[in-house]
Amino acid sequence: MNRIRQPRDVEPRFFGLAPTQASFEGAVATAMFREMLRIRRVEERIGERYAEQEMRCPTHLCIGQEAPSAAVCAHLRPQDLVFSNHRSHGHYLAKGANLNAMIAELYGRATGCAAGKGGSQHLIDLDAGFMGSAPILASTISVGVGAAWAAKLDGRDEVSAIFFGDGATEEGTFHEAMNYASVACLPVVFVCENNLYSVHSELDIRQPPRPVAALAPAHGMRAAVVDGNDVEAVWKAAGTAVAHAILGEGPTLIECVTYRWREHCGPNEDLNLGYRSIDEFSQWQQDDPLERSRSAFLAAGWLNENVISTMEQEISEELDSAFDFAIQSPFPDPRELATHVFPDPS
Amino acid sequence: MNRIRQPRDVEPRFFGLAPTQASFEGAVATAMFREMLRIRRVEERIGERYAEQEMRCPTHLCIGQEAPSAAVCAHLRPQDLVFSNHRSHGHYLAKGANLNAMIAELYGRATGCAAGKGGSQHLIDLDAGFMGSAPILASTISVGVGAAWAAKLDGRDEVSAIFFGDGATEEGTFHEAMNYASVACLPVVFVCENNLYSVHSELDIRQPPRPVAALAPAHGMRAAVVDGNDVEAVWKAAGTAVAHAILGEGPTLIECVTYRWREHCGPNEDLNLGYRSIDEFSQWQQDDPLERSRSAFLAAGWLNENVISTMEQEISEELDSAFDFAIQSPFPDPRELATHVFPDPS
Amino acid sequence: MTERQLKYFEAIHEATDLALGADENVLLMGLGVPGPTGIFGTTSGLQDKYGARRVIDIPSSENAMTGVALGAATRGKRPIMVHMRLDFAVLSLEPIVNQAAKWHYMYGGRVRAPLVIRMIIGRGWGQGPQHSQSLQAWFAHVPGLKVVMPSRPCDAKGMLLSAVQDDAPVIFLEHRWLYNLEGPVPDGVYSTPLEGASVLREGSDVTLAACSYMVIEAMRAAETLASVGISAEVIDLRSVAPLDMATLGKSVGRTGRLVAADTGHAECGVASEVVAAVTEQCFASLKAAPQRVALPPIPSPTSPALADLYYPGANEIAAKALQTLGRNDVLPEPPSDPGRRWRDTPDPSFTGPY
Amino acid sequence: MTERQLKYFEAIHEATDLALGADENVLLMGLGVPGPTGIFGTTSGLQDKYGARRVIDIPSSENAMTGVALGAATRGKRPIMVHMRLDFAVLSLEPIVNQAAKWHYMYGGRVRAPLVIRMIIGRGWGQGPQHSQSLQAWFAHVPGLKVVMPSRPCDAKGMLLSAVQDDAPVIFLEHRWLYNLEGPVPDGVYSTPLEGASVLREGSDVTLAACSYMVIEAMRAAETLASVGISAEVIDLRSVAPLDMATLGKSVGRTGRLVAADTGHAECGVASEVVAAVTEQCFASLKAAPQRVALPPIPSPTSPALADLYYPGANEIAAKALQTLGRNDVLPEPPSDPGRRWRDTPDPSFTGPY
Ligand SMILES: Cc1ncc(C[n+]2csc(CCOP(=O)(O)OP(=O)(O)O)c2C)c(N)n1
Ligand SMILES: Cc1ncc(C[n+]2csc(CCOP(=O)(O)OP(=O)(O)O)c2C)c(N)n1
Ligand SMILES: [Mg+2]
Ligand SMILES: [Mg+2]
């Protein structure tokens with residue numbers, strides 16, 4: 001560690017966290033597969049239509065990184081909360097937030113989940129417990145800790161799951177937030193999606209050779225680093241982490257090692273840039289989390305081709321209608337420019 | 001850990017750092033004793049004269065915490081650098097910086113080490129390698145790392161020793177600085193003087209139960225936590241840390257557990273405030289680092305009463321003349337108000 | 001009207017106590033908040049009264065703890081966060097300015113962040129460059145924040161109560177030298193609007209518009225000016241964002257002359273904003289160039305010999321007022337303690353009420 | 001005079017290349033600096049040329065890395081630090097403002113911190129609330145910092161070279177929409193002073209004082225105004241701290257009318273400072289109320305439908321100029337690409353030189 005170059009370099013390690021003993025079975029697995037598939041198709045569709053220049057905002061696709069979203073959110077209950085970063089679509093969708101409102105937000109429409117004011121980098125759906133996303137690195141981590149604090153103060157059974165990348169772990173506020181979550185013993189699951197890059201800069205020049213997860217025990221927290229393309233491995237680690245949170249046993253950090261397929265921001269591939277090798281890229285692409293679970297779940301008899309094609313069909317229709325919804329939605333009224341600067345008295 | 005209440009609670013731990021095998025002997029020990037004695041007497045004298053209201057600036061005394069200054073600086077060479085915080089007098093003196101200029105600075109005089117513009121919280125003496133001190137918690141840590149980086153870039157054999165308190169370790173920038181010192185393998189010795197309090201707030205409500213030193217391995221660094229009232233223990237850990245830095249083997253964190261005798265800021269005792277118990281206080285006072293080395297070194301035959309009284313005498317004279325110097329020095333000329341906002345062209 | 005007198009710090013304490021008492025969701029947090037000195041007395045005893053769940057000590061992690069407060073605010077809490085010096089809060093600008101100020105807007109009104117951040121502005125006794133900055137202009141520059149700087153105990157109480165009730169993030173700035181000033185403070189819960197200046201002294205020749213501690217100096221300047229027959233109107237801005245242009249406009253409309261006095265630096269500061277906004281809107285009324293009284297463009301020096309020259313006060317305000325009137329009277333020195341060698345502690349001759 | 005044309009980003013690249021070439025102590029650091037897109041081309045290829053010791057990628061630790069740069073600067077290095085968006089640098093205000101800006105002063109002149117911090121101001125294509133802030137006023141408010149915002153390629157190069165040579169910390173602000181503008185840029189090393197505005201167009205009826213990208217809009221406004229017979233003088237402030245009061249005063253002395261245009265918010269902003277300082281010093285010359293053109297007090301919205309309404313431009317500047325002249329001409333629309341539906345990318349009709 002780190003020098004992770006290939007998927008098989010990931011060496012799972014557990015710091016005071018035992019992966020759940022619950023068995024990983026049909027219904028659970030299928031639901032996660034479907035969620036990953038859905039995220040993949042949503043992102044692909046955004047990618048296809050981005051060139052039309054109607055989604056006019058910086059957009060960070062998570063193709064290749066679907067497993068952590070699906071696996072972590074599989075453990076979250078409706079009342080649990082998710083906080084997210086710039087690469088938020090997967091987190092948003094897996095938490096069950098509204099697809100139509102998301103696509104409309106990307107299209108800058110009044111019907112968007114943030115009324116068009118936020119764009120892809122500021123998704124929100126309070127009804128689904130998706131509490132917000134923001135692109136300033138690590139900025140939502142402490143906010144998620146604060147939400148967990150409020151829950152604890154009020155005796156509400158709510159877990160905050162906070163998603164962020166490996167780059168965000170270089171921000172001091174991440175440490176401050178871990179320290180406080182630990183001292184106050186808060187119901188938080190920190191989820192680091194380590195895709196080995198921060199924009200075009202590789203991990204090795206930014207961090208010393210140790211798993212990101214090793215930061216957690218220093219703050220008195222449990223942690224694990226797992227293969228982030230293995231939805232079962234993430235699910236098992238996250239299950240225990242969420243359980244600890246629910247039981248009042250404090251926070252956990254789960255590091256999921258994964259890989260981004262598209263460019264950092266925007267819809268295209270970026271092998272032409274040369275910051276990562278074709279060889280590296282294709283090894284990770286062959287380690288496709290979607291394909292891995294597809295074949296494993298088919299082999300286990302949890303899925304069959306019919307089920308999958310029904311899923312594809314449903315998702316495709318859902319997407320057609322989401323994009324239609326977005327495109328048919330009005331732009332915000334000019335008067336909206338000046339609303340919401342300050343809240344009206346409640 | 002933590003729940004350190006009494007001196008004997010400190011349990012030394014080493015994270016990838018072996019205390020030096022060099023033997024701790026007469027001359028070295030005596031010099032350190034003298035430095036501790038000198039720091040004690042300087043601080044006491046400041047305390048005595050503070051009530052005259054001629055030193056008109058916030059002043060943080062380090063009585064009770066003299067050992068880390070003396071022990072760490074004993075390993076530093078003239079070309080090595082020290083960066084410091086608000087409780088800086090001991091660091092300044094142990095690095096061999098100018099006493100007259102320090103006292104004059106506290107008195108706000110033109111002859112002060114910062115020309116009267118800084119006060120107690122902004123000491124500096126470049127000739128002695130004392131590079132600056134500042135009261136914003138953790139603010140000089142990254143600056144010290146930057147100085148070490150410059151040294152490495154230029155191939156200069158210089159170590160940066162950076163002093164800070166336990167409170168400063170809660171600031172995210174401390175982690176950012178450790179991360180960079182580690183990645184860039186810089187010649188830095190981080191010295192945490194853990195006196196169990198940040199102003200009046202005890203460690204347990206601010207940090208989880210683990211030594212501060214445990215943060216370092218998470219950043220790929222060596223570390224040790226030692227009894228900070230045992231000058232030999234600090235000296236042994238610091239010796240290896242400085243050696244690693246000189247050999248290009250990167251940074252180390254040394255946590256010295258110690259105790260502040262006076263109020264957080266100002267010259268008085270503060271048991272009346274009630275945030276620490278009289279019992280706790282007196283146990284630590286009985287663990288006086290000065291007294292511990294005095295009796296140990298007397299027993300070892302490294303010191304005798306005559307030598308000590310000569311030291312006392314010399315120090316007292318040095319102090320008389322430093323205070324005379326300060327009081328006889330002029331205040332800054334009114335024109336100095338507007339100088340040094342921007343440097344003159346060099 | 002009650003005649004009860006409270007000191008400024010007591011008024012803050014009382015408002016906090018009432019806010020904690022009135023609403024379970026109000027929280028009070030900050031390093032040292034429950035400690036024995038209780039943030040200069042403003043939080044003393046409140047942990048004993050409301051418990052360690054609601055009145056909490058925190059690590060010195062200004063950035064993340066502000067995010068924590070924001071997160072709690074989005075979940076129904078109403079945290080009051082306290083910084084012993086504004087200078088420390090500089091570490092928390094990201095969560096204040098990028099996040100808290102914008103969450104309501106950028107999420108299309110879906111979220112509210114009712115957060116009060118108290119910051120104390122230091123001064124005197126060698127506080128020096130890193131313990132005395134008065135950076136209200138930074139906050140006033142940022143949409144989505146309300147920024148108040150009450151100068152009187154009654155406003156400190158009423159505005160803090162309003163701030164806690166407001167659903168927007170409010171930056172609440174307290175100058176350390178106001179803490180011992182006394183003034184009449186009504187009993188019980190009341191609220192003073194977070195916008196709106198207050199005319200503390202009426203006058204017809206020149207308008208002195210000031211905020212926070214500079215209001216004290218402006219009042220003293222008005223006294224001095226009166227002694228040479230000049231009638232100065234003193235406006236306590238109270239809120240620096242938004243500015244109360246109606247009150248300013250009305251006053252300058254009558255006097256035609258303006259001196260704007262701020263505790264911070266002039267450049268892109270509150271005094272500049274007052275001058276610019278008034279000039280833009282009331283140009284026709286102006287009879288002379290408006291003037292600013294603010295810190296020189298120099299970091300704060302520590303030596304009392306330099307700090308005494310650094311901070312402008314009543315004299316400087318009065319002198320600028322004379323300048324707007326084209327007069328060059330020699331003003332009497334304001335009364336001052338003869339035993340007072342340095343001006344690095346508050347003038348004992350001024351303790352309120354006013 | 002050379003006729004060589006460079007784009008703004010090329011001018012920055014060339015200055016950086018020359019600075020690195022001229023002095024071993026110059027360092028270039030920032031996340032992505034050596035990466036394949038080279039901070040929008042401004043740092044491309046420089047690591048290959050000068051090595052990974054001097055041109056370095058860094059962790060996203062804006063706070064500590066600024067302290068690291070400061071520490072290196074105190075030891076003889078001359079780091080240039082780059083932030084892809086000013087909004088990220090908000091995390092580093094503590095080391096910039098409490099430390100770098102004050103080290104020379106607070107240590108009595110013993111230390112120098114020759115540090116250049118480049119920050120890019122984003123805009124357009126839905127950059128939204130957290131990727132488009134223009135917070136130059138914050139830096140201009142703080143003594144000890146020099147703050148420059150060149151609008152032309154020649155100044156970008158000359159001022160960056162000066163900034164690297166200056167022993168003070170310099171905040172160097174680049175608006176993203178200037179990057180592709182072309183203009184004449186002399187060869188080789190030269191330096192443009194860090195203080196001093198420049199009159200880009202002479203005129204006699206009204207002074208348009210602008211900084212950074214707003215200079216482009218002011219130039220276009222001047223064209224439009226010319227078409228109705230109004231002669232506007234355009235001043236490129238170049239430096240916002242210090243302001244060049246001599247140039248401003250001379251111009252307003254002639255025109256008697258002022259419009260100040262800034263890329264940031266009005267309140268306590270650069271436009272306010274220009275208006276306040278000019279009014280204070282040149283009141284007698286003013287024939288009408290000076291006017292500000294700046295962002296409304298609203299966070300930046302993401303939808304192009306709102307962003308288009310958010311950013312003022314040439315039209316707004318021209319309208320304010322008319323107002324100072326008491327005229328209400330109907331101005332011709334400035335030329336614009338008819339296929340252009342949104343104004344969230346730079347107007348292709350304007351590519352310089354100017
Ligand atoms: C404070 C801050 N610094 C820099 C950036 C620029 N930036 C945007 S995304 C990004 C990459 C972050 O990497 P990581 O956290 O690993 O997430 P990933 O994009 O790999 O999913 C960077 C550096 C930012 N948004 N915020
Ligand atoms: C950023 C910041 N936050 C808060 C403070 C106020 N403050 C001054 S000293 C101090 C105590 C720090 O404790 P520690 O680092 O343990 O040092 P000690 O005083 O115990 O030596 C605090 C909180 C500060 N100076 N800077
Ligand atoms: Mg990443
Ligand atoms: Mg301490």
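To find a chain, count down the sequence lines: A is the first, B the second, and so on, and within it residues start at 1.
- Taking 4.5 Å as the limit, every side-chain heavy atom of D:L243 sits out of range of all side-chain heavy atoms of C:E267.
- Within residues 137-146 of chain C, the residues having any heavy atom closer than 4.5 Å to a heavy atom of chain D are C:A137, C:W138, C:A140, C:H141, C:V142, C:P143, listed by residue number.
- In this structure, CZ in C:R85 is found 13.0 Å from CG in D:N98, a value given to the nearest 0.5 Å.
- Listed options C:A276, C:C268, C:P242 were ranked by heavy-atom pairs under 4.5 angstrom with chain D; first place goes to C:C268.
- Taking 4.5 Å as the limit, every side-chain heavy atom of D:E94 sits out of range of all side-chain heavy atoms of C:D87.
- Only the backbone of D:S134 comes within less than 4.5 Å of a heavy atom of chain C; no side-chain atom from C-beta onward does.
- When the candidates C:A277, C:P297, C:A271, C:P299 are compared by the number of heavy-atom contacts under 4.5 Å with chain D, C:P299 comes out ahead.
- One distance of note links CG of D:L93 with OG of C:S92; it measures 10.5 Å at 0.5 Å rounding.
- Nearest heavy-atom pair across D:P301 and C:Y105 is CB-OH, 3.6 Å.
- Heavy-atom pairs under 4.5 Å with chain D peak, among C:T302, C:V278, C:N63, C:L91, at C:L91.
- Contact tally against chain D (heavy-atom pairs below 4.5 Å) for C:G269, C:P296, C:A101: the top residue is C:G269.
- Contact annotation for residues 279-292 of chain C against chain D (heavy-atom separation below 4.5 Å, listed by residue number): C:T279, C:E280, C:F283, C:L286, C:K287, C:A288, C:A289, C:P290, C:Q291, C:R292.
- For the pair D:Q130/C:M106, a side-chain contact is recorded, criterion being any heavy-atom separation below 4.5 Å from C-beta on.
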